[in-house]
Structure formats: structure tokens, C-alpha cells
Amino acid sequence: MNKKTMGVAGIYVLIMLPLLLLTYGANWNPSNISYELNGDTLVILEGIGKEEVAEVNVEDRMNDLLQFTLAVSMENKQWRTDVWAIGLLLPFLLFAIVPDRRPFKKNLSFKWYLTIVLAILVLYAAYSIPNHAVQVKEVHEYVNLLLQ
């Protein structure tokens, strides 16, 4: 392994390690909202440190509770899918830095390789970013609904 290949591996680790720790270790998602359910009390938490935002009695508000938990669950699922996609696509992007080590170098010219990788990234971002925007908005709407 030469220095460039080691650099690519190091960059990958520097990007993926925090993403994995935040996502799976701290159960974080872009809405920055999580919750705990203790009997009839819903505790809404915010941030990586899980600071308590509010406690809500949901005994008579099961419909709102279910919609809120579904929205948070959908955002968690989308974010975890994105982390996997980043983990799979990032090496292809990073190998553009080291053209002699890139995959498919015998079959594709560098320009085509880079075009295909960037096209896949742009298409995935075009799919993912609007979904996150909708899900984050939905989560915050349900938080506001529960706090009323």
C-alpha cells in the first residue's frame, strides 16, 4: 500500500467512524429528535446528548403518539439507509483521487468512471435530501402537536 491508498483509507475511516458512532451508538438522526416512552408519558429528547425537551402525557392522545413515533422511525430508517449508501459510495469517490487503484480502470476511462460515480451520487442525493426534508418537517410538526 502506498501513501495515497493509505490516505484514502484514512479519509474513509475519518468520515465513516463518526457517522457510524452517531447513527448506531447515539441513535442520532437529522431531525435531532428522539423519544422515550414510560407508560403513559412520552419524553421528547433532542440532540446527541438527549436533552429532555418535554414530558407529555399521551394517555388520551394515542393517535398523535403513533404518528410521532412513526415519523421518527421513518427518519431513522432513511438516515440509516443513507449511512449505508455513503459507506458504499464513498470508496468509489475516494478512489478517484488514486486513479491507478480505482476499480474498473481497465474497462472505463477515468472521465467515464468519475461521471458515473458523480451521477450516482447526484441521483441518490436528489432522492434522499427531499425525503429528509419532508421527514424532518413531519417530526417537528408532530412534536409541536404533542406539546400543545
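When reading the values below, keep in mind they use all heavy atoms of this one structure, side chains included, and skip hydrogens, waters and symmetry mates.
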Practice prompt. Any chance you could lay out the side-chain contact (heavy atoms from CB on, under 4.5 Å) test for Val136 and Glu75, step after step, and finish with the verdict?
Written response: CA-CA 7 Å; Val136 168; Glu75 177 58 19; 4.0 Å; yes
Between the side chains of [X] and [Y], is a donor N or O closer than 3.5 angstrom to an acceptor N or O?
{"X": "Asn29", "Y": "His132", "result": "no"}
{"X": "Thr41", "Y": "Asn57", "result": "no"}
{"X": "Trp28", "Y": "Thr23", "result": "no"}
{"X": "Asn131", "Y": "Gln135", "result": "no"}

Fill in: Worked verdict on Ile33 versus Ile44 for side-chain contact (heavy atoms from CB on, under 4.5 Å)
CA-CA 7 Å; Ile33 299 289; Ile44 300 172; 4.1 Å; yes
State, to 0.1 Å, how close [X] and [Y] come at their nearest heavy-atom pair, and which atoms those are.
{"X": "Ala125", "Y": "Pro130", "result": "O-CD, 3.7 Å"}
{"X": "Val53", "Y": "Leu45", "result": "CG2-C, 4.3 Å"}
{"X": "Lys105", "Y": "Asp100", "result": "NZ-O, 2.6 Å"}
{"X": "Asn2", "Y": "Arg101", "result": "N-NH2, 4.4 Å"}
{"X": "Val13", "Y": "Pro18", "result": "O-CD, 3.9 Å"}
{"X": "Ala26", "Y": "Lys50", "result": "O-NZ, 3.2 Å"}

Gap separating the [atom1] atom of [X] from the [atom2] atom of [Y], nearest 0.5 angstrom:
{"X": "Leu19", "Y": "Asp82", "atom1": "CG", "atom2": "CG", "result": "10.0 Å"}
{"X": "Asn107", "Y": "Trp112", "atom1": "CG", "atom2": "CH2", "result": "14.0 Å"}
{"X": "Leu42", "Y": "Thr69", "atom1": "CG", "atom2": "OG1", "result": "8.5 Å"}
{"X": "Ser73", "Y": "Gln78", "atom1": "OG", "atom2": "CD", "result": "12.0 Å"}
{"X": "Thr115", "Y": "Leu118", "atom1": "OG1", "atom2": "CG", "result": "7.0 Å"}
{"X": "Leu121", "Y": "Ile86", "atom1": "CG", "atom2": "CD1", "result": "9.5 Å"}

Between [X] and [Y], is there a shared hydrophobic cluster once you connect ILVMFWY residues whose side-chain heavy atoms come closer than 4.5 Å?
{"X": "Tyr127", "Y": "Val134", "answer": "no"}
{"X": "Tyr142", "Y": "Met62", "answer": "yes"}
{"X": "Tyr35", "Y": "Leu146", "answer": "yes"}
{"X": "Val72", "Y": "Leu70", "answer": "no"}
{"X": "Leu114", "Y": "Ile120", "answer": "yes"}

Fill in: Ring-face cation of Arg102 near Tyr113 (centre distance under 6.0 Å, axis angle within 45°)
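Pair Arg102/Tyr113 counts as cation-pi.
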Worksheet item: Is the closest side-chain heavy-atom distance between Val43 and Asn38 below 4.5 Å?
Response: yes
Worksheet item: Are any non-hydrogen side-chain atoms of Val58 and Asp64 less than 4.5 angstrom apart?
Response: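 Sidechains of Asp64 and Val58: no contact.
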[X] [atom1]: over 12 foreign heavy atoms closer than 6.0 Å:
{"X": "Met16", "atom1": "CE", "value": "yes"}
{"X": "Glu52", "atom1": "CD", "value": "yes"}
{"X": "Phe104", "atom1": "CZ", "value": "no"}

Worksheet item: Is the gap between the ring centers of Phe92 and Phe95 under 6.0 Å?
Response: no
Discussion item. Walk me through whether Ile15 and Leu90 qualify under side-chain contact (heavy atoms from CB on, under 4.5 Å).
Written reply: CA-CA 9 Å; Ile15 292 171; Leu90 186 60; 3.7 Å; yes
Practice prompt. Determine, stepwise, if the pair Arg61 / Val56 fulfils side-chain contact (heavy atoms from CB on, under 4.5 Å).
Written response: CA-CA 10 Å; Arg61 303 174 73 185; Val56 180; 3.9 Å; yes
Fill in: Donor-acceptor under 3.5 Å (Ser128 side chain, Tyr124 main chain)
no
